[in-house]
Amino acid sequence: MPRTNPQIHDFNKSPSKMTEQEILRRESLVKLRELGIDPYPAEMFEVTAFASDIAANYQEEVLEDGSKNRLNFQSVSLAGRIMASREAGNKVIFMNLQDSSGRIQLYVKRDDFLQDEESPFFDLAIKKYLDLGDYVGVKGFAFRTKTGEVSVHVQELKFLAKSLRPLPVVKKDAEGNVHDAFTDPEMRYRMRYVDLTVNTEFRQIFIKRTLLIKTMRNYLDELGLLEVETPILQPIHGGAAARPFTTHHNTLDMKLYLRIANELYLKRLIVAGFDGVYEFAKMFRNEGMDRTHNPEFTALEFYVAYKDYNWMMDVTEIMLEKVARAIHTEGGSTAQVGDNVIEFAGPYRRLTMFDAIQEYTGLNVETADESELRNYCQKAHIEIDASMGKAKLIDEIFGAKVEGHLIQPTFLIDYPMEMSPLTKKHRIKPGLVERFELFVNGKEVANAYSELNDPIDQRERFEEQLRLAARGDEEAMAMDEDFLRALEYGMPPTAGIGFGIDRLAMMFTGQASIQEVLFFPQMRPEV
RNA sequence: GAUCUCGUAGCUCAGUCGGUAGAGCACUUGACUUUUAAUCAAGGAGUCAUGGGUUCGAAUCCCAUCGAGAUCACCA
């Protein structure tokens, strides 16, 4: 293939649309090629050192005659972006190179580069055509400058990738104050690559998110569960109450739903004879977006045979304490969320839904009838409508009056049956089911039950859902005959749970918005 | 979905009462042999989100639209 030799007028973006700085950068790209320098070389560049390691661990000794003896990093090769450049006279340039670990100052001296008459590398390539944001590889040795900053004396510099757009320039002064920070949330989310380049502190959020998932996965593996994958494209959307996204398969000519949950598939695998299965799964719900909701989000669900919801509470306490200790920089079991310090070491408070409402409202919902609950809601200005039954009213009261008070991790247990169509009836308490939700910082982070494994009961629950759907409930579950067939073959008693990973990530990283814990939050299209 | 706030140079932001568009950083040219928010001098850079309207004249006032954020509502 003939090498292209782009001229300014060849660019896809017409020159009139480009900014002055974009045009200049494309010009320096052309000039580099004229000097015989490939701005995008194919061969790999060997990296032997990282900026933060050199900055933290460089050592030197002062000899008797006052001269210094450099003890380590005498031959280093590192790569990254040039983020700042300061010319000190016309023979020396100080630069800041940023790699994945941090930044280090480069000392680039004219005398270190052969000055070919035709193509003076320092005077042209480095001084004129190297732009902020360019990726370079450098070789040299570490030393300490007169002002005391550990730096790399550059003996070789190689262009690795030219940057054709100027990055926002964020500066930090001697007191650590940040100037001209790149803060517009819209631009940060749309151009996360720019955000994480100039706001490197946000990388920690995502590193912690991964640590959260890794810690959970390690623990589940320790417990002997099998990590599995189940369908995202589902002919019937089940396992949760939510509006789905729909799509269409051309060859099969059928409607498919993006999953709102994977619960019914994981339970089929328990029927199949696996003792325990788990999946970190993207879920898709066609509902509103706000500070705590993204149309696609991540859940961890796991199911374990021969266990019940009491066992699941114990496991949850252990798992979240492990996560807290893994993420907490000092190794403690707490997390700071807003003004609250959350303690994740168990045991957590276990409170029945009825007791919780009694405690925070004085209302005894167990003995109250529907009209008493309605009266209470009206007095308390809780919005209700005529179609709501007793269970729904209780749920509304809980949401309005109790939920926000549950700051420290609290298991809310034993829910009314009507709202839990996949949950086993309570072993003692009639009308209730063996379900718990975990609340932390006033928000639900997990939902678990002793799974309903009685196929006849399950069929009746689905039929009840169909009646709700007929009344216009868009979130009612669909009948899943194949799932019922699986249960009819026999599912062992099973405990199951689902965690909202994004919400947990928000808590463990102290973020108030879900967009801050997603690399690429959903946005409306740009103009 | 409702309400409020916002959208001006690559970035961060000023822009008064409606009267030719401003600053810092970044960029360009020059000076400077160890700088670090480098400094100094000069210069270039704008579809004031988009489309209408009012007006002699609109970044500014009005309407609509688009995008974003916050609050509320909805939401297992």
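Heavy-atom basis, side chains included; hydrogens, waters and symmetry copies ignored. Below, chain A is the first sequence line, B the second, and so on; all start at residue 1.
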Does a donor on one side chain sit under 3.5 Å from an acceptor on the other, for [X] and [Y]?
X: A:Gln234; Y: A:Tyr265; result: no
X: A:Asp195; Y: A:Thr197; result: no
X: A:Gln105; Y: A:Ser151; result: yes

When we call it a touch if two heavy atoms are under 4.0 Å apart, what does [X] touch: a base, just sugar-phosphate, or nothing?
X: A:Arg243; answer: nothing
X: A:Ala181; answer: sugar-phosphate
X: A:Tyr189; answer: sugar-phosphate
X: A:Tyr449; answer: base
X: A:Glu263; answer: nothing
X: A:Lys172; answer: sugar-phosphate
X: A:Met523; answer: sugar-phosphate
X: A:Arg190; answer: sugar-phosphate

Where [X] and [Y] come nearest, the two heavy atoms and their spacing:
X: A:Ile270; Y: A:Tyr303; answer: CD1-O, 3.7 Å
X: A:Pro166; Y: A:Gln21; answer: CB-OE1, 3.6 Å
X: A:Arg259; Y: A:Pro231; answer: NH1-O, 3.4 Å

Give me the distances for all protein-to-nucleotides 24-33 of chain B N/O pairs that come in under 3.5 Å?
| unit_1 | atom_1 | unit_2 | atom_2 | d |
| --- | --- | --- | --- | --- |
| B:rG24 | N2 | A:Asp180 | OD1 | 3.3 |
| B:rG24 | N2 | A:Asp180 | OD2 | 3.0 |
| B:rC25 | O3' | A:Lys171 | NZ | 3.0 |
| B:rA26 | OP1 | A:Lys171 | NZ | 2.9 |
| B:rA26 | N3 | A:Gln21 | NE2 | 3.1 |
| B:rC27 | O4' | A:Gln21 | OE1 | 3.4 |

Provide the distance between the two [atom1] atoms, one in [N] and one in [M], to the nearest whole Å.
N: B:rC4; M: B:rG10; atom1: P; value: 31 Å
N: B:rG57; M: B:rG30; atom1: P; value: 46 Å
N: B:rU34; M: B:rU39; atom1: P; value: 16 Å
N: B:rA59; M: B:rG46; atom1: C1'; value: 11 Å
N: B:rU3; M: B:rC48; atom1: C1'; value: 26 Å
N: B:rA14; M: B:rU55; atom1: C1'; value: 26 Å
N: B:rU20; M: B:rA58; atom1: C1'; value: 13 Å

Considering Watson-Crick and G-U wobble pairs with both distances under 3.5 Å, what does [N] pair with?
N: B:rA31; answer: B:rU39
N: B:rG1; answer: B:rC72
N: B:rC61; answer: B:rG53
N: B:rG46; answer: none
N: B:rA14; answer: none
N: B:rC66; answer: B:rG7

Worksheet entry | Gap between atom CZ of A:Phe520 and atom CD of A:Gln515 - 0.5 Å precision | 14.0 Å
Discussion item. I'd like to know if A:Tyr415 reaches the base of B:rA76 with its side chain such that a donor and an acceptor end up less than 3.5 angstrom apart.
Written reply: no
Discussion item. Should the side chain of A:Thr145 and the base of B:rU35 be counted as holding a donor-acceptor pair, with the cut-off at 3.5 Å?
Written reply: yes
Discussion item. Looking at A:Glu516 and A:Arg188, is there a salt bridge between them, counting it only when a charged N and a carboxylate O are closer than 4.0 Å?
Written reply: yes
Practice prompt. Answer yes when A:Lys401 and A:Glu396 have at least one side-chain N-carboxylate O distance shorter than 4.0 Å, and no when they do not.
Written response: no
Practice prompt. Ignoring backbone atoms, test whether A:Arg165 places a side-chain nitrogen or oxygen under 4.0 Å from the OP1 or OP2 oxygen of B:rG10.
Written response: no
Worksheet item: Do any side-chain nitrogens or oxygens of A:Arg86 fall under 4.0 Å of OP1 or OP2 in B:rU35?
Response: no
Discussion item. So if I take residues 290-301 of chain A and measure heavy-atom distances to RNA chain B, which residues fall below 4.0 Å?
Written reply: A:Asp290, A:Arg291, A:His293
Worksheet item: Under 3.5 Å, is there a donor-acceptor pair between the side chain of A:Asn199 and the main chain of A:Glu201?
Response: no
Discussion item. Closest approach to the side chain of A:Asp184, judged atom by atom: which nucleotide of B:rG67, B:rU12, B:rU35 is it?
Written reply: B:rU12
Practice prompt. Check side-chain hydrogen bond (donor to acceptor under 3.5 Å, both in side chains) between A:Asp131 and all other residues, then give those that pass, not counting sequence neighbours.
Written response: A:Ser28, A:Lys162
